[in-house]
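Down below is the structure, laid out as structure tokens.
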Amino acid sequence: MTFYWIYDLTNLQLAVISCGVCLTYTWLGVILVGNALRRHTEDPAGIGDFVSQYLSVLGLFFGLMLGLVAVASYENYGNAESSVSVEANEVAMLYRTVSVYPPPHRQLLQDAIYDYVDYVVEDAWPQYRRGEIPTDGPARVSAIQRHLFAFQPTRMSEQVVHAEALRQFAGFTEATRNRLEFVNTGLPSMLWLIVMIGAAMTLALLWFINNDLLWVRLTASSVLAIYVGLMMFFIAAMDHPLRGAYSISPDALIELRTMMQAYRLNGVAGAL
């Protein structure tokens, strides 16, 4: 089940829609089904007591499942955020290492690395938020690799530095692949279907709340309906870490780009 259009909404809009759907579904059932049951049943109180006991059991299992799904979404979001920080660290170490290369290799590598970071922040990240994986990124990674392999160290110190740069480049490419995996990572469609069915079944039991006053039944049912709606919003907002208004920002890469700019202006190796 792919409802990717929800990531075009703001967080407030998504939360209102999620809670509104749950609340409308619950209230319609309370008004239509609940009132009909009270008119055509000799002992609505007995049915209400039975449903209350059943709701407590089903609500326990559904609440547990919803909590586990929310935790899984949060952990996935946290892993995606960590992958961005890891990539920024790998790029920073590589940039610092190549800063001791002799010219012109030093300038070529620095320009290639800066171009990659600037591209990810300005061009690639907006596409990630639309669920798209840009095709220009590999070319910029290949440019860094090409400049690295073009350098032929002649002294022992250069060989040591070059070997370290190659190792860091491998770590950088791995971190980049890990980050890209989170662009379309999300909960399985089957799990989403089970969550939605569980929510519908749990809220449907609220239709049988037994009370003579309609406003009491509506108020009591709305509490659980809004809570379920907020939990569904939370899971949906964090399900795809790089999509939508609640997506991860490239702050680590932006900060790295700022440091690179300071280095390029001042030529101070300690800037990174």
Side-chain angles (χ1 to χ4, degrees), residues 2 4-8 73 75-101 104-151 161-187 237-265 271-272:
T2 54
Y4 291 148
W5 57 269
I6 65 175
Y7 296 106
D8 296 329
S73 298
E75 288 182 349
N76 187 51
Y77 187 93
N79 291 335
E81 194 169 30
S82 297
S83 70
V84 178
S85 298
V86 170
E87 182 185 14
N89 290 335
E90 294 288 347
V91 175
M93 288 189 297
L94 179 60
Y95 190 90
R96 187 179 183 90
T97 300
V98 301
S99 297
V100 299
Y101 273 39
H105 302 284
R106 176 176 58 213
Q107 189 63 40
L108 291 174
L109 281 165
Q110 288 177 339
D111 290 344
I113 295 173
Y114 179 86
D115 179 66
Y116 169 81
V117 174
D118 185 67
Y119 162 78
V120 171
V121 171
E122 298 296 337
D123 298 329
W125 217 269
Q127 297 183 57
Y128 297 156
R129 287 176 172 167
R130 297 192 298 268
E132 304 171 358
I133 298 181
T135 58
D136 298 336
R140 286 170 168 78
V141 176
S142 297
I144 300 174
Q145 181 181 23
R146 185 170 60 253
H147 292 312
L148 270 176
F149 289 173
F151 176 62
V161 171
H162 188 58
E164 180 64 15
L166 293 176
R167 187 191 65 80
Q168 292 170 352
F169 176 76
F172 152 63
T173 55
E174 181 180 1
T176 300
R177 287 193 301 268
N178 291 338
R179 174 177 54 78
L180 290 176
E181 290 179 357
F182 288 101
V183 175
N184 292 314
T185 296
L187 296 175
M238 304 193 72
D239 186 26
H240 293 275
L242 297 181
R243 298 189 68 148
Y246 200 63
S247 62
I248 295 170
S249 64
D251 289 341
L253 293 172
I254 293 175
E255 182 179 355
L256 175 60
R257 184 180 61 175
T258 302
M259 293 180 179
M260 288 181 179
Q261 290 172 343
Y263 174 86
R264 290 157 70 91
L265 290 175
L272 294 181

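For this chain, numbers begin at 1 and follow the sequence in order.
- With rounding to the nearest 0.5 angstrom, the OH atom of Y77 is 6.5 Å from the OG atom of S247.
- At distances below 3.5 Å, at least one donor-acceptor pair connects side-chain atoms of N178 with backbone N or O atoms of E174.
- Across Y119 and G137, no two heavy atoms sit closer than the pair OH-N, 3.3 Å.
- In this structure, M93 CE and E164 CD are separated by 8.0 Å, a value rounded to the nearest 0.5 Å.
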Start with the C-alpha distance between Y128 and R179, add both sets of side-chain angles, then the distance that settles side chain to side chain contact (heavy atoms under 4.5 Å, CB included), and finish with yes or no.
CA-CA 11 Å; Y128 297 156; R179 174 177 54 78; 2.9 Å; yes
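- A donor-acceptor pair is defined here as one N or O able to donate and one able to accept, closer than 3.5 Å; such a pair exists between the side chain of D239 and the backbone of L187.
- The minimum heavy-atom distance linking P250 with R129 is given by the pair CD-NH2, 4.2 Å.
- Between the CD atom of E132 and the CG atom of L242 there is a distance of 13.0 Å, given to the nearest 0.5 Å.
- With a 4.5 Å cut-off on side-chain heavy atoms, H147 and V98 do not count as touching.
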For the pair W125 and L253, evaluate side chain to side chain contact (heavy atoms under 4.5 Å, CB included) and give the outcome as yes or no after the intermediate values.
CA-CA 11 Å; W125 217 269; L253 293 172; 4.0 Å; yes
Any chance you could lay out the side chain to side chain contact (heavy atoms under 4.5 Å, CB included) test for V120 and T176, step after step, and finish with the verdict?
CA-CA 10 Å; V120 171; T176 300; over 6 Å; no
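- Rounding to the nearest 0.5 Å gives a distance of 5.0 Å between CG of L109 and CG of L148.
- The side-chain heavy atoms of S99 and Q110, taken from C-beta on, include a pair separated by under 4.5 Å.
- A side-chain hydrogen bond (donor to acceptor under 3.5 Å, both in side chains) with D118 is found for exactly one of R257, Q261, R140, namely R257.
- Checked by atom type, the side-chain pair E75/N79 shows no donor-acceptor distance below 3.5 Å.
- Using a 4.5 Å heavy-atom threshold, the side chains of F172 and I144 count as touching.
- A tilted orientation is assigned to the rings of Y101 and F151, their planes being inclined by 30° to 60°.
- Among all heavy-atom pairs drawn from A252 and S85, the shortest one is CB-CA, 4.3 Å.
- To the nearest 0.5 Å, the span separating OG1 on T185 from CZ on R243 amounts to 11.5 Å.
- The residue from H162, R167, Q168 that alone fulfils the side-chain hydrogen bond (donor to acceptor under 3.5 Å, both in side chains) condition with T97 is Q168.
- Taking each heavy atom of V183 and H240 in turn, the nearest pair found is O-ND1, 4.3 Å.
- Taken to the nearest 0.5 Å, the CD atom of E81 stands 8.5 Å off from the CG atom of D251.
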Could you go through D123 and D136, starting from their C-alpha distance and side-chain angles, then the distance that decides it, and tell me whether this counts as side chain to side chain contact (heavy atoms under 4.5 Å, CB included)?
CA-CA 9 Å; D123 298 329; D136 298 336; over 6 Å; no
